[in-house]
Q: 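Quick one: this structure, given as structure tokens, is what I'll be asking you about.
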Amino acid sequence: MAQTWLITGTSTGFGQELATLLAQKADVNLVATARNTDKLAYLDQYDHGQILKLELDVTDSQQIKEVIQTTLSKFGRIDVLDNNAGLGYFSTFEEADEATVQYMFDVNFWGSVHLTQAVLPVMRQQKSGVIIGISSDAGLIGEAALSFYSGTKFALEGVFESLAQEVQEDNIKVMLGGT
């Protein structure tokens with residue numbers, strides 16, 4: 001049986017690299033998401049019915065629900081959730097733009113949290129799954145001009161470490177990866 005991977009932020013960077021790799025595997029159903037699905041055309045060369053490209057802004061709770069429902073309708077399960085969508089913001093602490101910082105928290109932290117909350121009931125019912133959060137060295141050690149970016153990653157580290165303990169009885173693994 002093919003594993004179903006749901007990956008956010010697949011239009012560039014690590015998400016695009018992972019999606020490209022998984023799209024070439026015969027035993028993987030890939031749900032690649034991005035705010036603009038036109039940027040996912042690179043996957044067309046690998047698609048033989050196992051790829052679903054969906055629009056997703058991780059700050060939009062309605063879109064999160066729709067992506068989960070569409071994924072389950074097409075593939076029947078979600079085996080791996082990779083919370084890859086994210087962005088950086090570099091500024092000194094005192095000069096940071098609050099609206100920009102808030103949006104970064106909405107994407108980097110709350111986007112991962114809300115997606116994970118939406119997928120957890122599916123994985124609990126399946127009694128299996130893997131949830132991946134993308135962190136960074138900045139989530140372990142703060143650096144100048146990265147205070148708020150680090151804050152998003154420190155928060156994710158703490159929440160996902162605790163979540164790992166909560167879901168282990170249901171055979172759900174929680175991982176943190178990063179650069």
Side-chain angles (χ1 to χ4, degrees), residues 5-23 30-43 52-71 78 80-122 130-164 166-167 174-179:
W5 283 64
L6 170 56
I7 307 173
T8 65
T10 60
S11 61
T12 61
F14 181 71
Q16 183 178 26
E17 294 297 319
L18 181 59
T20 300
L21 176 72
L22 292 172
L30 173 61
V31 181
T33 71
R35 285 177 292 163
N36 180 351
T37 56
D38 291 342
K39 293 183 178 183
L40 304 181
Y42 68 91
L43 292 170
L52 188 58
K53 299 183 291 185
L54 298 175
E55 182 179 331
L56 177 61
D57 175 343
V58 298
T59 68
D60 185 327
S61 59
Q62 185 58 39
Q63 278 190 345
I64 289 172
K65 290 176 188 173
E66 291 168 4
V67 163
I68 302 300
Q69 291 170 349
T70 303
T71 299
I78 299 170
V80 181
L81 168 62
D82 184 352
N83 288 292
N84 182 71
L87 54 96
Y89 176 64
F90 308 96
S91 172
T92 62
F93 182 85
E94 63 191 333
E95 294 174 345
D97 177 72
E98 186 174 342
T100 303
V101 169
Q102 181 64 50
Y103 181 68
M104 183 177 57
F105 267 90
D106 288 345
V107 173
N108 293 2
F109 178 72
W110 287 113
S112 293
V113 167
H114 292 151
L115 232 357
T116 300
Q117 287 173 325
V119 168
L120 267 176
V122 174
V130 176
I131 298 167
I132 303 168
I134 302 300
S135 188
S136 166
D137 290 346
L140 302 172
I141 301 170
E143 294 181 39
L146 292 174
S147 56
F148 291 105
Y149 175 75
S150 290
T152 68
K153 298 304 181 175
F154 270 87
L156 193 65
E157 292 267 345
V159 167
F160 272 43
E161 286 177 16
S162 297
L163 174 63
E166 292 179 21
V167 299
V174 178
M175 301 170 46
L176 282 162
T179 58

Q: Could you list all the ring pair (Phe, Tyr, Trp, His ring centres under 6.0 Å) pairs where at least one residue sits in residues 96-115, not counting sequence neighbours?
A: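 Matches after skipping sequence neighbours: Trp110-His114.
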Q: Checking side-chain hydrogen bond (donor to acceptor under 3.5 Å, both in side chains) for the pair Thr92/Glu95: CA distance, chi angles, key distance, verdict?
A: CA-CA 5 Å; Thr92 62; Glu95 294 174 345; 3.2 Å; yes
Q: Apply side-chain contact (heavy atoms from CB on, under 4.5 Å) to Ser112 and Val58, showing your working.
A: CA-CA 8 Å; Ser112 293; Val58 298; over 6 Å; no
Q: Is there side-chain contact between Leu81 and Ile132, with at least one heavy-atom pair below 4.5 Å?
A: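 Side-chain contact under 4.5 Å: no.
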Q: Nearest heavy-atom pair of Val107 and Gly86: which atoms, and what distance?
A: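 The pair with the smallest heavy-atom distance is CG1-CA, 3.8 Å.
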Q: Taking the side chain as every heavy atom from C-beta outward, state whether Gln63 and Glu55 have any atom pair closer than 4.5 Å.
A: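 A side-chain contact exists here, since the closest heavy-atom pair is under 4.5 Å.
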Q: Quick one: do the Gln62 and Glu66 side chains pair a donor with an acceptor below 3.5 Å?
A: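 Yes.
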Q: Could you go through Asn84 and Thr10, starting from their C-alpha distance and side-chain angles, then the distance that decides it, and tell me whether this counts as side-chain hydrogen bond (donor to acceptor under 3.5 Å, both in side chains)?
A: CA-CA 8 Å; Asn84 182 71; Thr10 60; over 6 Å; no
Q: Would you say the side-chain atoms of Thr116 and Asn83 include a donor-acceptor pair closer than 3.5 Å?
A: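 Yes, a side-chain donor-acceptor pair sits under 3.5 Å.
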Q: Can you confirm whether Leu176 sits close enough to Glu157 that some side-chain heavy atom of one is under 4.5 Å from a side-chain heavy atom of the other?
A: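 Counting from C-beta outward, Leu176 and Glu157 do come under 4.5 Å.
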Q: At what distance, to the nearest 0.5 angstrom, does CG of Leu21 lie from CD of Gln16?
A: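 The distance works out to 12.5 Å.
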Q: Would Phe14 and Asp82 count as a side-chain contact (heavy atoms from CB on, under 4.5 Å) if you check the C-alpha gap in whole Å, the side-chain angles of each, and the deciding distance to 0.1 Å?
A: CA-CA 11 Å; Phe14 181 71; Asp82 184 352; 4.1 Å; yes
Q: When you compare the side chain of Leu156 with that of Asn108, does any pair of heavy atoms fall below 4.5 Å?
A: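 The answer is no, as the side chains (C-beta and beyond) never meet within the 4.5 Å cut-off.
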Q: Quick one: are Leu87 and Tyr149 in side-chain contact, heavy atoms under 4.5 Å?
A: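 The answer is no; the side chains never approach within 4.5 Å.
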Q: Parallel, tilted or perpendicular: which one describes the rings of Phe148 and Phe93, with boundaries at 30° and 60°?
A: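 Plane angle under 30°, so parallel.
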Q: Within this structure, what is the CG-OG distance for the pair Asn36 and Ser11, rounded to the nearest 0.5 Å?
A: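 The CG atom of Asn36 sits 7.5 Å away from the OG atom of Ser11.
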Q: Yes or no on side-chain contact (heavy atoms from CB on, under 4.5 Å) for Ile68 and Leu6, after CA distance, side-chain angles and deciding distance?
A: CA-CA 9 Å; Ile68 302 300; Leu6 170 56; 3.8 Å; yes
Q: Would you check, one step at a time, whether the test side-chain contact (heavy atoms from CB on, under 4.5 Å) holds for Leu30 with Leu52?
A: CA-CA 6 Å; Leu30 173 61; Leu52 188 58; over 6 Å; no
Q: Could you check whether any side-chain heavy atom of Leu120 comes within less than 4.5 Å of a side-chain heavy atom of Leu163, counting everything from C-beta outward?
A: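 When only atoms from C-beta onward are counted, Leu163 and Leu120 do touch, with a gap below 4.5 Å.
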Q: Write down the atom of Leu56, the atom of Thr8, and the distance for their closest heavy-atom approach.
A: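 Scanning both residues completely, I find the closest heavy atoms to be CD2-CG2, 3.8 Å.
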